[in-house]
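To keep things clear, I will list the structure first and then write my remarks on it.
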Number of protein chains: 2
Amino acid sequence: MTQENLQERMRSLDISPSVTRLRIYEYMDERRDHPTVDQIYKALAPELPTLSKTTVYNVLSLFVEKGLVDAINTDVNEKRYETSRDDHAHFTCKVCGKIYDIPPIQTSYTEGSLQGFQVLKQQVNLCGICPTCLENKKE
Amino acid sequence: MTQENLQERMRSLDISPSVTRLRIYEYMDERRDHPTVDQIYKALAPELPTLSKTTVYNVLSLFVEKGLVDAINTDVNEKRYETSRDDHAHFTCKVCGKIYDIPPIQTSYTEGSLQGFQVLKQQVNLCGICPTCLENKKE
DNA sequence: GTCCTTGCAAAGCGTTTGCACAGAA
DNA sequence: TTCTGTGCAAACGCTTTGCAAGGAC
């Protein structure tokens, strides 16, 4: 996404595209590694010298509220975030802590099984050991 | 499950069945409302006057480690727990905060799609508004 | 005696809140 | 001026840790 497109997208979501907000979104969309608040803060602090963690919290909660970013629930206490994109699931490696994007699964909640519930969001999280860590264990 | 069966089950999992541990498990298995540490503590404090939150934390982490109890990841910061049972998914109401057990969905992760990953746990969490809260909103 | 369960107190840490300053409109 | 974005400092709340007392074996 170009800077112009991103600014337009933000405006359409009622988010005024400040420099800080643009950089936080760009960073998340480039890396796609489900960063924590702390990781975003540490990564951007050098180029945005006055950045504070409070601002990262503020920006992320605004993004989540407006639907630009999703919060991921994992086994760890620290929340993780990702830019909204096509449906997919997550795999968390309990050894290295890395989160992998994996293909979505077909949901089979039909009218009958969840009658009366208004579903707004769905998350599928697998937990286990990733190929890399499995390989390291062998050696 | 009878007291005797529970004690046997604990012993088979290498958990010595103390009074505190038995009561915490029984409470969770009776209620099945995915309680927080605080809820368990407050509910059992009257009958176990010397109970402390630290003990609840200790017991729960032991239970999770031994596979007697599962920890649930939800949108809220506070962790929730449930006694291990058949595969199912969760629906969290963002209005009242209640967690509902819902039918499981068929997973379609075949060899090809997740090759090399060792999957130990899977969680499906839906988020939205429950029938009761939807009804209340209308009025 | 040793080992284990329990629990008080304190620390740890991610997150939120209060509030104020600066820049934009 | 008013509104908005930002950020320091403090508070908050869940969880973990250190450590000691009591009981089981």
Side-chain angles (χ1 to χ4, degrees), chain A residues 6-7 10-11 13-27 34-66 68-82 92 94 97 99, chain B residues 6-7 10-11 13-27 34-66 68-81 92 97 99:
Chain A
L6 178 53
Q7 294 194 21
M10 284 195 182
R11 286 208 187 82
L13 290 172
D14 209 28
I15 301 169
S16 82
S18 72
V19 173
T20 307
R21 288 171 179 170
L22 288 168
R23 270 310 283 138
I24 289 179
Y25 184 89
E26 280 176 349
Y27 172 78
H34 323 88
T36 63
V37 165
D38 195 62
Q39 286 169 341
I40 297 171
Y41 170 72
K42 289 205 172 108
L44 298 183
E47 58 179 288
L48 301 172
T50 68
L51 184 67
S52 77
K53 267 194 192 179
T54 303
T55 298
V56 180
Y57 278 107
N58 287 337
V59 170
L60 284 178
S61 69
L62 176 71
F63 283 177
V64 170
E65 183 196 325
K66 300 297 187 182
L68 196 60
V69 156
D70 291 321
I72 309 173
N73 305 130
T74 67
D75 283 330
V76 273
N77 359 3
E78 229 171 338
K79 261 191 201 134
R80 289 171 167 275
Y81 298 88
E82 68 181 353
T92 305
K94 64 189 300 183
I99 297 181
Chain B
L6 179 53
Q7 294 193 22
M10 283 194 183
R11 286 209 186 83
L13 291 171
D14 209 29
I15 301 170
S16 83
S18 71
V19 173
T20 307
R21 287 171 179 170
L22 288 168
R23 272 310 284 137
I24 289 178
Y25 184 89
E26 280 175 350
Y27 172 78
H34 323 88
T36 64
V37 165
D38 196 61
Q39 286 169 340
I40 297 171
Y41 169 71
K42 289 203 172 108
L44 298 183
E47 57 178 289
L48 302 172
T50 67
L51 184 66
S52 77
K53 267 195 192 177
T54 304
T55 299
V56 180
Y57 278 108
N58 286 338
V59 170
L60 284 177
S61 67
L62 177 71
F63 283 177
V64 170
E65 182 195 328
K66 301 294 188 183
L68 196 60
V69 156
D70 291 320
I72 309 173
N73 305 130
T74 67
D75 282 330
V76 273
N77 1 1
E78 227 170 340
K79 262 192 201 133
R80 289 170 168 274
Y81 297 88
T92 306
I99 297 181

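Quantities reported herein were computed from a predicted structural model and do not represent experimental measurements. In what follows, every chain begins at residue 1, and chains take the letters A, B, ... in the order their sequences are listed.
Contact check, B:Y57 against D:dT16: no side-chain N or O comes under 4.0 Å of OP1 or OP2. For the OP1/OP2 pair of C:dT6 and a distance below 4.0 Å, the side-chain nitrogens and oxygens of B:S52 include no atom meeting the criterion. One finds no side-chain N or O of A:S18 lying less than 4.0 angstrom from the OP1 or OP2 phosphate oxygen of D:dG5. The shortest distance between the side-chain N/O atoms of A:T54 and the OP1/OP2 oxygens of D:dT6 is not below 4.0 Å.
Spacing between atom CZ of B:R11 and atom C1' of C:dT5 amounts to 15 Å, rounded to whole angstrom units. The distance from atom NZ of A:K66 to atom C1' of D:dT4 is 13 Å, rounded to the nearest whole Å. The CE atom of A:M10 sits 12 Å away from the P atom of D:dG5 (whole-angstrom rounding). Going from atom CD1 of A:I40 over to atom P of C:dG14 covers 14 Å, rounded to whole Å. D:dC14 atom P lies 15 Å from atom CG of B:L60, rounded to whole Å. Rounded to an integer number of Å, the gap from CD1 of B:I15 to P of D:dA24 is 20 Å. Spacing between atom CG of B:N58 and atom P of C:dT5 amounts to 10 Å, rounded to whole angstrom units. Spacing between atom OH of B:Y25 and atom P of C:dT5 amounts to 18 Å, rounded to whole angstrom units.
Residues A:M10 and A:Y25 come closest through the heavy atom pair CE-CB, 3.9 Å. Summarising the geometry of A:N73 relative to B:T74, their closest heavy-atom pair is ND2-O, 3.0 Å, with the distance given to 0.1 Å.
Across C:dT15, D:dT6, C:dT6, the shortest atom-to-atom separation from the side chain of A:V59 is found for D:dT6.
In terms of modelled atom types and a separation under 3.5 Å, the side chain of A:E47 and the main chain of A:L44 share no donor-acceptor contact. Between the side chain of A:R80 and the main chain of A:H34, a donor-acceptor pair closer than 3.5 Å is present. Of the possible polar contacts, one joining the B:R21 side chain to the B:S16 backbone as a donor-acceptor pair under 3.5 Å is found.
Residue-level contact check: B:K53 touches neither bases nor backbone, having no heavy atom under 4.0 Å from any strand. Residue contacts shown for A:T36 are absent, as no nucleic acid heavy atom lies under 4.0 Å away.
If one axis is set at each end of the helix from C:dG1-D:dC25 to C:dA25-D:dT1 from five pairs, those axes are 20° apart, to 10°.
Within a 6.0 Å radius of NZ in B:K66, other residues, nucleotides and ligands contribute more than 12 heavy atoms.
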Checking side-chain contact (heavy atoms from CB on, under 4.5 Å) for the pair A:L51/A:V56: CA distance, chi angles, key distance, verdict?
-> CA-CA 8 Å; A:L51 184 67; A:V56 180; 4.1 Å; yes
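Between the side chain of A:S16 and the base of C:dA24, no donor-acceptor pair of N or O atoms lies under 3.5 Å.
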